[in-house]
Amino acid sequence: MADEKKIPEAEQPQNEEEVEEVEGADEGQKKARRKKKKKPKKAEGAGSAADKQTSPPTIPVSKLFPNNSYPEGELQDYKDDNLWRVTNEEKRHLERQMADQYTDVRRASEVHRQVRRYAQSIAKPGIKLWDLCEAIENGTRTLIEESGLEAGIGFPTGVSINNCAAHYTPNAGDDRVLQQSDVIKIDFGTHVGGRIIDSAFTMAFDPQFDNLVAAVKAATNTGIKEAGIDVRLSDIGAAIQEVMESYEVEINGKTYQVKPIRNLNGHSISPYQIHAGKTVPIVKNGDQTKMEEGEYYAIETFGSTGKGYVNEDGECSHYMKRFDAGFVPLRLPRAKQLLNSINTHFGTLPFCPRFLDRLGETRYAMGLKNLVEAGAVDAYPPLMDIKGCYTAQFEHTILMRPTRKEVLSRGDDY
């Protein structure tokens with residue numbers, strides 16, 4: 001889910017490698033050297049359990065992976081000055097203590113991989129965007145074994161088209177159909193215990209958009225490669241910008257440089273808080289804030305053939321209760337009732353009118369408007385670049401583990 005900030009290749013993932021300590025290194029700063037490469041782990045469960053999933057997906061991942069043995073994401077070493085972490089016994093012990101938390105996010109990641117595999121098979125020209133969203137969300141509910149606020153959907157499914165970069169999902173009565181000429185960003189989330197997996201990909205059906213898609217995919221992989229403990233956020237943004245702007249795309253006979261959308265960012269993630277305070281820019285901006293051990297991040301990049309800047313426009317479909325709202329006095333009884341329902345079913349996770357409809361809520365428009373005006377709920381309208389341009393997005397959730405970073409949502413697809 002995009003993080004908007006209001007301001008005027010690493011194509012191939014690294015393989016996991018064995019390491020050995022170098023004799024004579026200080027205990028707290030042990031160096032490591034590459035010994036030999038292992039075959040990369042398949043995030044899809046070594047191609048076995050995940051392949052037993054039905055189409056559409058109906059088997060909870062807990063049934064496919066007994067004893068909560070969900071696959072790790074892709075492991076990447078930190079840069080050289082932090083490579084000592086791989087063999088440091090204190091850091092390894094800390095990771096063992098975090099086993100339960102890692103199990104939760106890997107379960108959510110596996111659900112994302114299996115649901116998006118099905119989504120990619122049905123996201124074809126001619127499908128209604130409403131039906132695509134329903135398929136993704138129902139698949140998530142089933143595979144994750146939705147249970148109140150303990151496990152379920154992380155946020156509404158974004159199916160943003162062409163110049164719309166983010167925050168679009170159909171409301172009731174929206175019958176829009178995916179077209180052969182469309183570039184679609186599919187952005188959806190899963191969570192277990194509030195640990196959110198935020199991951200997105202772009203699909204295009206006309207080969208003339210291939211370079212746009214490739215540019216943004218390469219930029220996201222660059223951001224992941226550059227991310228690490230004590231890395232400055234601006235340095236990540238600079239690396240992303242350099243890669244993305246190195247691409248050109250020819251559309252209908254006209255050549256465009258792919259531009260990063262400079263007021264969209266990646267973001268840190270905390271339990272039940274999709275945007276947790278830190279932003280990961282996709283352009284160089286001078287931010288000296290550093291990533292820290294134990295943090296989760298959504299590394300997401302957006303490329304555009306337009307201005308590379310988005311504005312809010314169109315009917316709103318994304319809402320979220322403010323994480324730090326506290327008590328907000330409300331004058332409308334319907335607003336109070338609606339807030340109680342939001343607290344019960346979504347807490348501080350994002351939601352949309354389709355979700356309210358599914359709960360049986362009716363006549364909530366004025367109540368929702370009052371919650372937004374009172375500051376209890378924030379509205380996130382669609383984010384648009386200029387009309388006629390095309391935008392693309394790729395996103396992964398990564399974890400700054402004590403020894404290595406883990407690309408939790410990595411799959412065989414992207």
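Along the sequence shown, residues carry numbers from 1. Only this structure's heavy atoms are used, side chains among them; waters, hydrogens and symmetry mates stay out.
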> With a 3.5 Å distance limit and no angle check, can you tell me whether Ser268 reaches the backbone of Tyr297 through a side-chain donor-acceptor pair?
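No, because the side chain of Ser268 does not come within donor-acceptor range (under 3.5 Å) of the backbone of Tyr297.
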
> Do the charged groups of Arg106 and Glu406 touch, with an N to O distance under 4.0 Å?
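Answer for the salt bridge query: yes.
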
> Salt-bridged, Glu373 to Lys369, with N to O below 4.0 Å?
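The answer is yes: the pair qualifies as a salt bridge.
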
> Between Glu361 and Ser341, do the side chains contain a donor N or O and an acceptor N or O under 3.5 Å apart?
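On atom types as modelled, these side chains qualify, holding a pair under 3.5 Å.
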
> Not counting sequence neighbours, which residues clear ring pair (Phe, Tyr, Trp, His ring centres under 6.0 Å) with Tyr70? List them please.
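Once residues adjacent in sequence are excluded, the partners of Tyr70 under the ring pair (Phe, Tyr, Trp, His ring centres under 6.0 Å) criterion are Phe65.
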
> Among Tyr364, Phe346, Tyr380, find the one that has a ring pair (Phe, Tyr, Trp, His ring centres under 6.0 Å) with Phe351.
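The residue from Tyr364, Phe346, Tyr380 that satisfies ring pair (Phe, Tyr, Trp, His ring centres under 6.0 Å) with Phe351 turns out to be Phe346.
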
> Can you list the steps and then say if Lys128 with Asp175 is a salt bridge (Lys or Arg N to Asp or Glu O under 4.0 Å)?
CA-CA 6 Å; Lys128 286 176 60 176; Asp175 294 325; 3.3 Å; yes

> Walk me through whether Ile144 and Val192 qualify under side-chain contact (heavy atoms from CB on, under 4.5 Å).
CA-CA 8 Å; Ile144 212 161; Val192 176; 3.8 Å; yes

> By the definition side chain to side chain contact (heavy atoms under 4.5 Å, CB included), identify the one residue from Asp174, Ile161, Val177 that meets it with Leu129.
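One option only clears the test, and that one is Ile161.
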
> Do Phe394 and Val213 come within less than 4.5 Å of each other through their side chains, counting heavy atoms only?
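Side chain of Phe394 against side chain of Val213, heavy atoms only: contact under 4.5 Å found.
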
> Considering all heavy atoms of both residues, which atom of Ser317 and which atom of Cys352 are nearest to each other, and what is their separation?
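Scanning both residues, the minimum pair turns out to be O-CB, 2.9 Å.
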
> Can you name the nearest heavy-atom pair linking Pro381 to Cys316, along with the distance?
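Heavy atoms of Pro381 and Cys316 come nearest at N-SG, 3.7 Å.
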
> Counting distance only, does the side-chain N/O of Asn82 pair as donor-acceptor with the main-chain N or O of Ile229 below 3.5 Å?
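The answer is yes, because a donor-acceptor pair under 3.5 Å joins these two groups.
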
> Output, in order, the C-alpha distance, side-chain angles, deciding distance and verdict of salt bridge (Lys or Arg N to Asp or Glu O under 4.0 Å) for Lys278 and Glu292.
CA-CA 11 Å; Lys278 292 184 179 180; Glu292 298 176 61; 2.9 Å; yes

> Apply salt bridge (charged side-chain N to carboxylate O under 4.0 Å, His left out) to Glu146 and list each qualifying residue two or more places apart in sequence or on a separate chain.
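So Glu146 forms a salt bridge (charged side-chain N to carboxylate O under 4.0 Å, His left out) with Arg141.
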
> Between Asp385 and Lys307, does any NZ, NE, NH1 or NH2 come within less than 4.0 Å of an OD or OE carboxylate oxygen?
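Not counted as a salt bridge, because no side-chain N and carboxylate O are separated by less than 4.0 Å.
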
> Taking all atoms of both residues into account, what is the closest heavy-atom pair of Ala204 and Val183, and its distance?
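Minimum heavy-atom separation between Ala204 and Val183: CB-CG2, 4.2 Å.
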
> Less than 4.5 Å apart, any side-chain heavy atom of Ile59 and any of Leu64?
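Yes. Closest side-chain heavy atoms under 4.5 Å.
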
> Could I get the full list of ring pair (Phe, Tyr, Trp, His ring centres under 6.0 Å) partners for Tyr256, not counting sequence neighbours?
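So Tyr256 forms no ring pair (Phe, Tyr, Trp, His ring centres under 6.0 Å) with any residue.
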
> side-chain contact (heavy atoms from CB on, under 4.5 Å), that's the test. Do Arg96 and Arg92 meet it? Break it down for me.
CA-CA 7 Å; Arg96 289 191 290 270; Arg92 290 159 64 95; 4.0 Å; yes

> Strictly distance-based, threshold 3.5 Å: is any side-chain N or O of Thr190 a donor or acceptor partner for the main-chain N or O of Ala108?
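At least one qualifying donor-acceptor pair exists.
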
> Does atom CD of Glu90 have more than 12 heavy-atom neighbours, drawn from other residues, nucleotides or ligands, at distances under 6.0 Å?
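Not more than 12 within 6.0 Å, no.
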
> May I ask you to check whether over 12 heavy atoms, not counting those of Lys91, lie within 6.0 Å of atom NZ?
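Check passes, neighbour count above 12.
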
> Quick check against the 3.5 Å criterion: does Thr142 have a side-chain atom that pairs as donor or acceptor with the backbone of Gly139?
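No, because the side chain of Thr142 does not come within donor-acceptor range (under 3.5 Å) of the backbone of Gly139.
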
> Kindly indicate, with the supporting measurements, whether the criterion salt bridge (Lys or Arg N to Asp or Glu O under 4.0 Å) is fulfilled by Arg195 and Asp104.
CA-CA 7 Å; Arg195 294 285 176 183; Asp104 285 347; over 6 Å; no

> Has Asn138 got a side-chain atom pairing as donor or acceptor with Glu134's backbone, closer than 3.5 angstrom?
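The answer is yes, because a donor-acceptor pair under 3.5 Å joins these two groups.
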
> Kindly say whether Ile282 contributes a backbone atom to a donor-acceptor pair with the side chain of Thr301 at under 3.5 angstrom?
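A pair under 3.5 Å: no.
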
> When rounded to the nearest 0.5 angstrom, what distance separates NE2 in His345 from CG in Leu359?
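Reported value, rounded in 0.5 Å steps: 4.5 Å.
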
> Looking at Arg322 and Asp378, is any side-chain nitrogen of the basic one under 4.0 Å from a carboxylate oxygen of the acidic one?
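Salt bridge: yes.
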
> Does Arg113 pair with Glu110 as a salt bridge, N-O distance under 4.0 Å?
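Here Arg113 pairs with Glu110 in a salt bridge, since their nearest N and O are under 4.0 Å apart.
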
> Measure across Gln179 and Pro125 and return the closest heavy-atom pair with its distance rounded to 0.1 Å.
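Gln179 and Pro125 have their closest heavy atoms at C-CB, 4.0 Å.
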
> Which residues satisfy the salt bridge (charged side-chain N to carboxylate O under 4.0 Å, His left out) test with Glu95, sequence neighbours excluded?
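So Glu95 forms a salt bridge (charged side-chain N to carboxylate O under 4.0 Å, His left out) with Arg401.
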
> Any carboxylate oxygen within less than 4.0 angstrom of a Lys/Arg side-chain nitrogen, looking at Lys405 and Glu72?
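The answer is no: the pair does not qualify as a salt bridge.
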
> Give a yes or no on whether the backbone of Leu408 and the side-chain of Ser109 come within a donor-acceptor separation of less than 3.5 Å.
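Yes, Ser109 side chain to Leu408 backbone: donor-acceptor pair under 3.5 Å.
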
> Report yes or no: do Glu145 and Ser62 form a side-chain donor-acceptor pair below 3.5 Å?
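The answer is yes; a qualifying pair exists.
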
> How long is the gap from CG on Leu349 to CE on Met320, to the nearest 0.5 Å?
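Reported value, rounded in 0.5 Å steps: 9.0 Å.
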
> Side chains of Asp287 and Thr289 only: does a donor on one sit below 3.5 Å from an acceptor on the other?
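Judged by distance alone, the side chains do pair up.
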
> Do Thr397 and Asp198 have a side chain donor and acceptor closer than 3.5 Å?
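No, no side-chain donor-acceptor contact under 3.5 Å.
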
> Scan side-chain atoms only and decide if Gln393 and Glu300 contain a donor-acceptor pair under the 3.5 Å cut-off.
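On atom types as modelled, these side chains qualify, holding a pair under 3.5 Å.
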
> Please determine if Lys79 and Glu226 form a salt bridge, counting it only when a charged side-chain N lies under 4.0 Å from a carboxylate O.
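Answer for the salt bridge query: yes.
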
> Going by atom types alone, do Thr169 and Thr157 pair a side-chain donor with an acceptor below 3.5 Å?
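Not at all, the side chains of Thr169 and Thr157 share no donor-acceptor pair under 3.5 Å.
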
> Got a donor-acceptor contact below 3.5 angstrom from the Thr54 side chain to the Thr58 backbone?
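Such a contact is found between Thr54 side chain and Thr58 backbone.
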
> Any chance you could lay out the side-chain contact (heavy atoms from CB on, under 4.5 Å) test for Asn252 and Gln208, step after step, and finish with the verdict?
CA-CA 8 Å; Asn252 298 327; Gln208 69 177 337; 3.4 Å; yes

> Taking atom types as modelled, is there a side-chain donor on Glu248 or Asn211 under 3.5 Å from an acceptor on the other?
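There is no such pair (donor and acceptor under 3.5 Å, judged by atom type) between the side chains of Glu248 and Asn211.
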
> Are the side chains of His396 and Ile224 in contact, using a 4.5 Å heavy-atom criterion?
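SC-SC contact between Ile224 and His396 confirmed.
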
> Using atom types as modelled and distance alone, determine if a side-chain donor or acceptor of Thr220 lies under 3.5 Å from a backbone N or O of Lys217.
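Not confirmed, Thr220 side chain does not pair with Lys217 backbone.
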
> Is a side-chain donor or acceptor of Lys284 paired with a backbone partner of Asp235 at a separation under 3.5 angstrom?
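Side chain of Lys284 to backbone of Asp235, a donor-acceptor pair under 3.5 Å: no, none is there.
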
> Check whether the side chains of Lys259 and Thr305 place a donor and an acceptor atom closer than 3.5 Å, and report yes or no.
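No - no donor-acceptor pair under 3.5 Å links their side chains.
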
> Could you verify whether a donor N or O on one side chain and an acceptor N or O on the other, from Thr279 and His267, lie under 3.5 Å apart?
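Not at all, the side chains of Thr279 and His267 share no donor-acceptor pair under 3.5 Å.
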
> Might you work through the side-chain contact (heavy atoms from CB on, under 4.5 Å) test for Arg116 and Ile186, ending with a clear yes or no?
CA-CA 9 Å; Arg116 77 186 189 228; Ile186 300 178; over 6 Å; no

> Give me each pair satisfying ring-ring contact (aromatic ring centres under 6.0 Å, His included) with a member in residues 170-218, each pair once, sequence neighbours excluded.
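Only His112-Phe188, His191-Tyr272, Phe201-Tyr414, Phe209-Tyr390 qualify under ring-ring contact (aromatic ring centres under 6.0 Å, His included).
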
> Could you list the residues that satisfy side chain to side chain contact (heavy atoms under 4.5 Å, CB included) with Glu245, not counting sequence neighbours?
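Counting only residues at least two positions away or on another chain, Glu245 forms a side chain to side chain contact (heavy atoms under 4.5 Å, CB included) with Gln241, Gln257, Pro260.
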
> Taking all atoms of both residues into account, what is the closest heavy-atom pair of Ser181 and Asn162, and its distance?
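Taking Ser181 first and Asn162 second, the nearest heavy atoms are O-OD1, 4.1 Å.
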
